[in-house]
Protein chains: 2
Amino acid sequence: MRPLGHNMVSIVDVARHCGVTPSSVSRALNNKAGVSESLRQKIKQACIELNYAPNEVARTLITKESKLIGLIIPDLVSTYYASIAKGVNEYLRSQGYNVLLCDCNRDEHIEKDNIQFLKRQRVEGIIMVSVTASESDIKAIKDSGIQVVAADVELSDSISSVINDNYTGALQLFRHMIHQGCKNIGLILGNKRSKTTIDRLRAFKQVMEENAIEFNEHNIIYTDATFENGYKKTKGLLGKGIDSIFAINDSVALGAIKYCQDHGIKIPDNIKVAGYDDLEISSMISVPLTTVHQRKIFLGKKAAELLLQEIENAQDPIKIVLTPKLVVRASLGEKQ
Amino acid sequence: MRPLGHNMVSIVDVARHCGVTPSSVSRALNNKAGVSESLRQKIKQACIELNYAPNEVARTLITKESKLIGLIIPDLVSTYYASIAKGVNEYLRSQGYNVLLCDCNRDEHIEKDNIQFLKRQRVEGIIMVSVTASESDIKAIKDSGIQVVAADVELSDSISSVINDNYTGALQLFRHMIHQGCKNIGLILGNKRSKTTIDRLRAFKQVMEENAIEFNEHNIIYTDATFENGYKKTKGLLGKGIDSIFAINDSVALGAIKYCQDHGIKIPDNIKVAGYDDLEISSMISVPLTTVHQRKIFLGKKAAELLLQEIENAQDPIKIVLTPKLVVRASLGEKQ
DNA sequence: ATGAAAGCGCTAACAA
DNA sequence: TTGTTAGCGCTTTCAT
């Protein structure tokens, strides 16, 4: 059994079966001119009878069009990345391409391996959702004649990227918080050097300034953006006399909410909470969470679209910035 | 730019650069005997300098070993399926294989397309997580000399499969419910013909019998297993005087819980609730949900392991049944 | 230890 | 309209 394609029928078999040469079969199957309609029908019929599946490997070798796009993501199980992958996949399918999905498990080493793998498979382009890739990684790919587009991150000025506008999204949210009467906001952010955290903090400072509220460094906590940390860090924040919490994402917000519930602190009466990401669950909890929605599937689609355009004809890199949408629910005391 | 591989360096370039023939380069790179160690080093060095990436397409054409495995799943964004994919991917990577992931968007038509695609790509095997595939689909794949293994479903007696034991999982849960004092359990199940629903219902009947409780058909609701339906169907169930709810999955359970919260019904005091699946969120809600945990990543790994074994040497199909694990939390009134 | 030659399954000139 | 030929980039005998 071992050798693959053992009993795979080839174009030669089909040709023999129809009493013609392989070239005619090729022409017929690829709908090219130069075959009589009757022969074309006969050949197509034969393919069905013989259960013939064209060998894409051989086709790619000669045409140099693998119709394959590589997609590199940090983690398949994350809904955020999976959604981007969904968008990429759907769009590429519709355009006759297929995607070679590489889950890097948030591991830089695996990511490098995957890039090599994609090069070897002769993909026509790569969409990178990566935090670790360097300028030189990008360059190495482009030097091989493979187009690259960054999704959700800006990896380099030399390639196009499509990203969510964290500054504007956070701006909307913070203004809404002020509107809801928040006067002393505590922040649970992510890694201090993460671009996401930086951009949203910038929005915070801006809104504080707009409202002539003094910016208070002590109300900010930087941490790993997990549910557990949302829970743990809330206690400390509450001691600082804040009236509301902005969490860097919904998981963290959920952790904060859980802490409050466990300690008899009513939301939104005693404390208001806002998140970011709009997880499915965020609308399901007892006090539905006000948050910011990002168009993940659309982001994936846009990145794929961009990549295909650049494959068709090289063009200068561009940036597409998607504006997130504020989702007003109840955790900031909005009236229903 | 269009033609791919435009500037891709080939084995011939490497050979020329070293003043040898392509065959020597091939031998060197594949670590085969018949090359002097010094030449091997020289060649490997040249590959690095020239940024040479072996053309896997050409290699596959001749060796007939694509080192590619197809994975067909209904939906990438579902955490359940994504986790299975993770397991498959991790294991195959460790064995030198890569996976061609196909998201079918729960669409039978796309699934058929994807099977064709995988055949054309000459994958060495396929792992199917499918509800719609028929016996004849399976047969068509095997006839092409491609091995198939079913994951999470039993598609056919002619292929191996690895599944979660819904009967045993549900059995544990229902016995625990009885132990927690549930006397009149309402069920919100999925599609009446779904194997999952059937198996868990069978466990329910068994437990009812064990405890000499009359089985009451009226306490069962069949519906699409979504959060929304969990919310909606709860009202009707509550009118039937039940003291507890078993939901076919955690999403549905969350919907039921939300309904109760919205209507001042206390969990677990007024009504007890149990789910199935152990979503991440289930431990995060105000009254953590008692549920059943399934080893999704492990399931994927096992399926991949099985497939590789069958690719190495054909063997009779086997079934691997994974036993889920009851996760006792608080929604059935367990004391902490 | 190295080279020469054939061929994997297909497409794409060029002939006929 | 159809056939003939060459060759994509590699591996693999078989010579040397």
Side-chain angles (χ1 to χ4, degrees), chain A residues 2-43 46-47 50-67 119-124 144-145, chain B residues 2-43 46-47 50-67 119-124 144-145:
Chain A
R2 198 63 250 281
L4 169 75
H6 186 80
N7 40 17
M8 281 268 179
V9 9
S10 85
I11 203 172
V12 184
D13 300 314
V14 178
R16 211 158 25 212
H17 185 270
C18 295
V20 294
T21 56
S23 6
S24 289
V25 177
S26 174
R27 278 188 287 256
L29 296 183
N30 294 307
N31 294 313
K32 298 212 166 171
V35 215
S36 66
E37 198 47 38
S38 63
L39 180 55
R40 192 188 299 275
Q41 289 314 319
K42 183 178 173 187
I43 288 172
C47 289
L50 298 176
N51 192 24
Y52 168 69
N55 187 332
E56 202 63 27
V57 177
R59 222 217 72 231
T60 299
L61 185 57
I62 187 159
T63 63
K64 304 204 179 316
E65 290 187 358
S66 63
K67 290 291 172 187
K119 280 170 76 169
R120 291 217 265 253
Q121 295 293 334
R122 297 300 191 265
V123 296
E124 295 185 44
S144 312
Chain B
R2 198 59 250 281
L4 170 74
H6 187 80
N7 40 15
M8 281 267 180
V9 10
S10 84
I11 203 173
V12 183
D13 300 315
V14 177
R16 211 157 24 211
H17 184 269
C18 295
V20 294
T21 56
S23 3
S24 289
V25 177
S26 173
R27 278 187 287 256
L29 296 182
N30 295 305
N31 293 314
K32 299 214 166 169
V35 214
S36 66
E37 198 47 38
S38 62
L39 179 55
R40 194 188 298 275
Q41 290 313 320
K42 182 178 174 189
I43 287 173
C47 288
L50 298 177
N51 191 23
Y52 168 69
N55 187 331
E56 201 64 26
V57 177
R59 219 217 73 230
T60 298
L61 186 58
I62 188 159
T63 63
K64 304 203 180 317
E65 290 187 358
S66 63
K67 291 291 172 188
K119 280 171 76 169
R120 293 217 265 252
Q121 295 292 335
R122 297 301 190 263
V123 296
E124 296 186 44
S144 312

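Throughout, protein chains are lettered first and strands after them, A, B, ... in sequence-line order, and every chain is numbered starting at 1.
- Rounded to whole angstrom, the span from the NZ atom of B:Lys64 across to the P atom of D:dC10 amounts to 17 Å.
- When each of B:Val57 and A:Leu39 is assigned the nucleotide of DNA chain D bearing its nearest heavy atom, the one mapping closer to the 5' terminus is A:Leu39.
- Under the 4.5 Å side-chain criterion, counting only non-hydrogen atoms from C-beta, B:Ser10 is not in contact with B:Asn55.
- Rounded to whole Å, atom P of C:dC10 lies 12 Å from atom CZ of A:Arg16.
- Contact check for B:Val14 versus B:His17: no side-chain heavy atoms found under the 4.5 Å cut-off.
- Using a 4.5 Å heavy-atom threshold, the side chains of A:Lys64 and A:Glu124 count as separate.
- Under 4.0 angstrom from either OP1 or OP2 of D:dT2 there lies at least one side-chain N or O belonging to A:Ser36.
- B:Glu65 has its CD atom 17 Å from the P atom of D:dC10, to the nearest Å.
- For the pair A:Ser10 and C:dC8, the criterion of a side-chain N or O lying under 4.0 Å from OP1 or OP2 is not met.
- At distances below 3.5 Å, not a single donor-acceptor pair connects side-chain atoms of B:Ser26 with backbone N or O atoms of B:Pro22.
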With the sugar-phosphate defined as primed atoms, P, OP1 and OP2, and the base as all remaining atoms, what B/S/- string results for nucleotides 11-16 of chain D, 5' to 3', for protein heavy atoms under 4.0 Å? BB----

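- In this structure, A:Asn31 atom CG and C:dT11 atom P are separated by 12 Å, rounded to whole Å.
- Under the 4.5 Å side-chain criterion, counting only non-hydrogen atoms from C-beta, B:Val25 is not in contact with B:Val12.
- Side-chain contact between B:Met8 and A:Ser144 is present, with heavy atoms from C-beta onward closer than 4.5 Å.
- B:Arg120 places none of its side-chain heavy atoms less than 4.5 Å from the side chain of A:Val57.
- A straight line from CZ of B:Arg122 to C1' of C:dG9 spans 9 Å, rounded to a whole angstrom.
- Computed from coordinates, the A:Leu61 CG to D:dC10 P distance equals 9 Å when rounded to whole Å.
- Here the P atom of nucleotide C:dG9 and the CZ atom of B:Arg120 are 17 Å apart, to the nearest Å.
- The nearest whole Å value for the distance from the CG atom in A:Leu29 to the P atom in C:dA12 is 13 Å.
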